[in-house]
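Beneath this line is the structure, given in structure tokens, with notes to follow.
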Amino acid sequence: MPTAAELVQLPALDCAPQLLGAVITRHDDRLGDVSLRVTEVEAYHGKGMPGPVDACSHSRMGMTARNASMWGPPGHWYVYLNYGIHHALNLVCSPEGSASGVLIRSAAVVSGLEAVRLRRGDSSTEVNLARGPGNLAQALGIASRELDGTPALGGARLTIALDPEGPAGRGLSVLRGPRVGVNPEAEGADYPWRFWLADEPSVSAYRAGGTPSSRRSRSTGAAKKSRSSAVER
DNA sequence: CGGTCGATTGTCT
DNA sequence: GACAATCGACCGC
């Protein structure tokens, strides 16, 4: 049975499904602690890694100021701001220098519901509280890049507890399919980088093809591909 | 329901 | 200067 430190050494495609069912805990003295159970993730391969080319990974351009923590040691957080509005949380994986990560897309609230409601507002239904990467970050009180590059295994403010046996150890069924929210015209857009737990209402409702560029091309008559197909593994 | 669109800013060409 | 690993509001069925 692998340890958590060994699991985060795996390539993103192998590490990502093992994170399903893991519990992320945010410590907050004022609002109280919040714990979320991960229900949906996406693998992002580092530039030059063996396996399929990832045309969407932030590491594809090489190291920059933003993505530097992706190149750091695994088991640390990579936090960035997306669309100028939402923060997104990733767990860096695979050996240092390989620049891979797993985007934590969705989760279910395990404890600290009151604190999450305060952060997310009353208008959100319970399954939507940490559904989608932007909402998940908000539920955890991540509103800056403060935690970028900090340890995730035994982290002080934000920590992740992995089940060494992964979802299979609990009899959870894992589904796999293409990403959502990336440009559907991009090379390799159909490759199944995304993993989620079956029968989980908190999994992303967000549809592919939501980017401004894809909207433009769609309105000019480009064919829309179906993304509903999922493969059980 | 499902499609469509604006918000908002850091990042890279 | 373009646009992004998104979200929620709004519109028309």
At under 4.0 Å, does any side-chain N or O of [X] touch on OP1 or OP2 of [N]?
| X | N | result |
| --- | --- | --- |
| A:Asn183 | C:dA5 | no |
| A:Arg179 | C:dT6 | no |
| A:Thr64 | B:dC12 | yes |
| A:Arg105 | C:dT6 | yes |

How is [X] classified with respect to the nucleic acid when contacts are heavy atoms under 4.0 Å: base, sugar-phosphate, or nothing?
| X | answer |
| --- | --- |
| A:Asn135 | sugar-phosphate |
| A:Arg60 | nothing |
| A:Leu81 | sugar-phosphate |

Handout entry: P atoms of B:dG6 and C:dA2, separation to the nearest Å
Key = 16 Å
Whichever of A:Asn82 and A:Ala65 has the more 5' nearest nucleotide on DNA chain B, that residue is A:Asn82
Rounded to whole angstroms, how far apart are [atom1] on [X] and [atom2] on [N]?
| X | N | atom1 | atom2 | result |
| --- | --- | --- | --- | --- |
| A:Ile85 | B:dT11 | CD1 | C1' | 15 Å |
| A:Arg145 | C:dA5 | CZ | P | 14 Å |
| A:Ile142 | C:dC7 | CD1 | P | 14 Å |
| A:Met61 | C:dA2 | CE | P | 17 Å |
| A:Glu146 | B:dG10 | CD | P | 17 Å |
| A:Asn128 | C:dA9 | CG | C1' | 14 Å |
| A:His86 | C:dG8 | NE2 | P | 6 Å |
| A:Glu40 | C:dT6 | CD | P | 10 Å |

As its Watson-Crick or G-U partner within any shown strand, both distances under 3.5 Å, C:dC7 has B:dG6
query = Do we count A:Tyr80 as stacking onto C:dA5 if the rule is ring centres under 5.5 Å and planes under 30°?
reply = no
Checking C:dA5, B:dT8, B:dT11 against the side chain of A:Asn90 (C-beta onward), the nearest is C:dA5
Have A:Asp33 and A:Thr25 got a donor and an acceptor in their side chains that come within less than 3.5 Å? no
Q) Taking 4.0 angstrom as the limit, do A:Asp163 and A:Arg37 come out as a salt bridge? A) no
| query | What about A:Ile142 and A:Leu113, same hydrophobic cluster or not, with Ile/Leu/Val/Met/Phe/Trp/Tyr joined at side-chain heavy-atom distances under 4.5 Å? | reply | yes
Common cluster, A:Ile104/A:Leu81, ILVMFWY with side-chain heavy-atom separation under 4.5 Å: no
Exactly one candidate in A:Glu40, A:Glu200, A:Arg131 meets side chain to side chain donor-acceptor pair (under 3.5 Å) with A:Ser106; the answer is A:Glu40
